Structure formats: C-alpha cells, structure tokens
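Nothing here was measured: the structure is a model prediction, and the numbers come from that model. Along the sequence shown, residues are numbered consecutively beginning with 1.
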Amino acid sequence: MVHQQRSQAWLSPSGDTEDTAGMSGLLAPRLAYFAGVARTEHVTRAAQEMNVPQSTLSRAMVRLEQDLGVDLFARHGRTVSLTTAGRTFLASVERALAEIERAAEEVRADADPATGKVAFGFLHTMGAETVPGLLHAFRADHPRVRFSLVQNYGEAMLERLRAGELDLCLTSPVPDAPDLVARRLDEQKLRLVVPADHRLAARRRIRLAEAAEETFVTLEPGYGLRRITDDLCRQAGFRPRVAFEGEEAETLRGLVAAGLGVALLPPPTVPRPGVVELTVTAPRAAREIGVAWLADRPDTPPVAAFKKFLLSRRGNLLPA
C-alpha cells in the first residue's frame, strides 16, 4: 500500500504519465551520496570520505529509497550491500555522474581565459580572406584560444545565436532587434558583375538603372545580400528579373561568367576570369558589415577578448 501511494505521487495531473522531470530534480542531490555509500558499502566510511555528517547521509539514503519506493540496500549492522534494484540503479547513476563531471570539465575548459573556446559565425563571403586574417591577428596575443567556426547566411546565424550555439557573428545587414546587440564594423562596396562579352563590359562605371532590362542571378531569399540587391534595384526604379538563385557569391560569379545574367556582388578574393566588375555610381551600392551577440548574456573570458578585438577593428575589418 505504501509503495502504491509513492508511485501515485509522481503522476501528472492527467493521472497517466510519470513526472520524470520532477523525479529527477528530487533525486539528483542524493545521487552522489548513493554512489559513495554503494562504493564503500559502509555509511560511516562514506560519510568520512565525502565529509558529510553520518546522520545526513543515513537520512538521505532512507529518503532516496522512500522516493523510489524500492530498497536499494540490505543492511547488516554498520555495513550495507546493494540489492538487485540497487545494482541496477547504481549502473545508471555512475553513468549520469560521469556525464555531469565531463560536462563540468568541458564548460570550465571552454571558459578558460588562455585555452577557452569561441563559437564564431560569419558570412560565406568572409571565409576566404577576412576571417582567416582576423583569427591570425587575434591569435598573436591569444595563441591557445580555440574556435568553433560556422559559415552561413545572416538569418541562419542569428537563429543559432539566439539558440546559444554561437557567441558572436559577423553579418550583413547589421541586425536591429531588441534581443541582440550589434555594432557596425565596416562597409563593403558592391559591384555590378557582367560577362566579359556583355554590352556593358567596356564601361568602368554604371548607374544601376542602366541594368533594368538585364537578367539577374542572385542569392536566395533570406540572404542579406539578396535583400540589399532587391532594395538597390528598387531605389534604381525597377524590380530585378531573376533567372538563377544560389547560396554562394562565387557560384553567382561563375553563372555570370557563363553568360547567364548579371549580379551585384562584393569584390572577389582573387580576380575571376570571364567577368567584368563595374563600379555602381547610383544608388550608393554598399553593405554594412557588423558583429552581433545576444543581449544580456555574460561572456566567458575568451569570448570577451575576441569581442574586444573585433570592435577594435572598426573601419579596418576588411582587407584593403
């Protein structure tokens, strides 16, 4: 009858599902005590090893058995031995405690000022030159800090930032959201990229309105550069006719070289044959690059150091 009452105490309001979150929260503080007693098979010796009063340990074990509704120990005077249920429970408890210890070591290591980790996201277009240069410069003073690097488009990175998967990200446009802190770091000119045999290829400068009848290749909707492209075309008085959508700026350059359209793109890392890149004189074609992080989230020392470093590069983030 007693066992039935204990079991019923852990039913959800619907009466048919065990409240495992509540049970784990109740049991967790006593698991290390249980493992210590099981290891020594002696309450007094376990209390001495764990530096807790014997009475506290004895009460914890009795309460643990009461909460579970099973006997974990067979008592023999001052010594104890595990029951079958106790051995089954111990195997899982030891795995759980080992996993907790591993997790604690991992978060301590990630927060270490000298050897900790920074989860850093950035745009695909920053991966070939900008980010490697930044990391090289930062590690001159922080040679052992580790990085987890993520390349993605802006909205996806902000989602991962909010999910706690990233500490910082370089993105464009610079986000404006109440749950984020964002700082403008630099500006990158955009060019109209046309095939080498295009009617405009002999030009050096162009007003974007002159490309109103052209077919465009662009990044997919949701990418920051796509929003900027659409907005600049709108300012120039037209809506671009899009033939191809992609995920990489250099893929778009290849499509342009193949004569499949024109594109508004940041400068390439190395010149691409088969295309000509024109300066856009109107409207002003540029994108802002900024760093963002989640508001009200405390930084570990390595994250704080890298954030300070990025902010110090304001106006000098991109390669000359």
Is there a path from [X] to [Y] through hydrophobic residues (I, L, V, M, F, W, Y) whose side chains come within less than 4.5 Å of each other?
X: Val242; Y: Ile228; answer: no
X: Phe309; Y: Val181; answer: yes
X: Ile289; Y: Met157; answer: yes
X: Leu185; Y: Leu134; answer: yes

### Query
In terms of side-chain geometry, is the basic nitrogen of Glu220 or Arg227 positioned less than 4.0 Å from the acidic oxygen of its partner?
no
### Query
Are any of the side-chain nitrogens in Glu187 or Arg284 under 4.0 Å away from the carboxylate oxygens of its partner?
yes
Return the set of residues passing salt bridge (charged side-chain N to carboxylate O under 4.0 Å, His left out) with [X] (not counting sequence neighbours), or none when no residue passes.
X: Asp71; value: none
X: Glu245; value: Arg226
X: Glu247; value: none
X: Arg39; value: Glu49

Only distances under 3.5 Å count here; give the side-chain donor-acceptor pairs of residues 171-179 to other protein atoms, sequence neighbours excluded, each with its distance to 0.1 Å.
unit_1: Ser172; atom_1: OG; unit_2: Glu288; atom_2: O; d: 2.7
unit_1: Asp179; atom_1: OD1; unit_2: Arg162; atom_2: NH2; d: 3.2
unit_1: Asp179; atom_1: OD2; unit_2: Arg162; atom_2: NE; d: 2.6

### Task
Only pairs at least two apart or in different chains count here, so list each side chain to side chain donor-acceptor pair (under 3.5 Å) that has a residue in residues 139-159.
Asp110-Arg146
Could you grab the distance from atom [atom1] of [X] to atom [atom2] of [Y], nearest 0.5 Å is fine?
X: Thr215; Y: Leu255; atom1: OG1; atom2: CG; result: 12.5 Å
X: Phe216; Y: Leu260; atom1: CZ; atom2: CG; result: 14.5 Å
X: Arg30; Y: Asp67; atom1: CZ; atom2: CG; result: 4.5 Å

Can you confirm whether more than 12 heavy atoms, excluding those of [X], are under 6.0 Å from its [atom1] atom?
X: Arg207; atom1: CZ; value: no
X: His136; atom1: NE2; value: no
X: Phe73; atom1: CZ; value: yes
X: Arg102; atom1: CZ; value: yes
X: Glu213; atom1: CD; value: no
X: Arg108; atom1: CZ; value: yes

Closest approach of [X] to [Y] (non-hydrogen atoms, all atoms of both residues):
X: Leu252; Y: Gly246; value: CD2-N, 4.1 Å
X: Leu97; Y: Ala32; value: CD1-CA, 4.0 Å
X: Val145; Y: Val118; value: CG1-CG2, 4.1 Å
X: Ala46; Y: Thr40; value: CB-OG1, 3.4 Å
X: Ala236; Y: Pro283; value: CB-CD, 4.1 Å

### Task
State whether a side-chain donor-acceptor pair under 3.5 Å links Thr229 with Arg287.
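Thr229 vs Arg287: no donor-acceptor pair found between side chains.
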### Message
Students often mix this up, so state it plainly: with edges at 30° and 60°, are the rings of Phe89 and Phe34 parallel, tilted or perpendicular?
### Response
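If you compare the ring of Phe89 with that of Phe34, the planes turn out tilted.
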### Query
What is the ring orientation for Phe120 with Phe306, classed by angle as parallel under 30°, tilted 30 to 60°, or perpendicular over 60°?
perpendicular
### Message
Show me the pairs that pass salt bridge (Lys or Arg N to Asp or Glu O under 4.0 Å) and involve residues 233-243, at least two apart or across chains.
### Response
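Non-adjacent pairs meeting salt bridge (Lys or Arg N to Asp or Glu O under 4.0 Å): Asp231-Arg234.
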### Message
Test: salt bridge (Lys or Arg N to Asp or Glu O under 4.0 Å). Region: residues 248-276. Which pairs qualify, not counting sequence neighbours?
### Response
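Listed by first then second residue: Glu250-Arg253, Arg253-Glu277.
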### Message
Can a donor-acceptor pair be found, under 3.5 Å and without considering hydrogens, that links the side chain of Thr79 to the backbone of His76?
### Response
yes
### Query
Can Trp293 and Cys169 be said to form a side chain to side chain contact (heavy atoms under 4.5 Å, CB included), step by step?
CA-CA 7 Å; Trp293 60 89; Cys169 66; over 6 Å; no
### Task
With sequence neighbours excluded, give me every ring-ring contact (aromatic ring centres under 6.0 Å, His included) pair touching residues 180-201.
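Of all non-adjacent pairs touching residues 180-201, none passes ring-ring contact (aromatic ring centres under 6.0 Å, His included).
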### Message
Taking side chain to side chain contact (heavy atoms under 4.5 Å, CB included) as the definition, give me every residue that meets it alongside Ala263, ordered by chain and number, with sequence neighbours left out.
### Response
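Once residues adjacent in sequence are excluded, the partners of Ala263 under the side chain to side chain contact (heavy atoms under 4.5 Å, CB included) criterion are Val217, Val256, Leu265.
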### Message
Holding to side chain to side chain contact (heavy atoms under 4.5 Å, CB included), I want the full list of residues that pass it with Thr44, two or more places apart in sequence or in another chain.
### Response
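With neighbours one apart ignored, the set is His42, Gln48, Gln54.
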With a cut-off of 3.5 Å and sequence neighbours excluded, list every side-chain donor-acceptor pair involving residues 189-196.
none

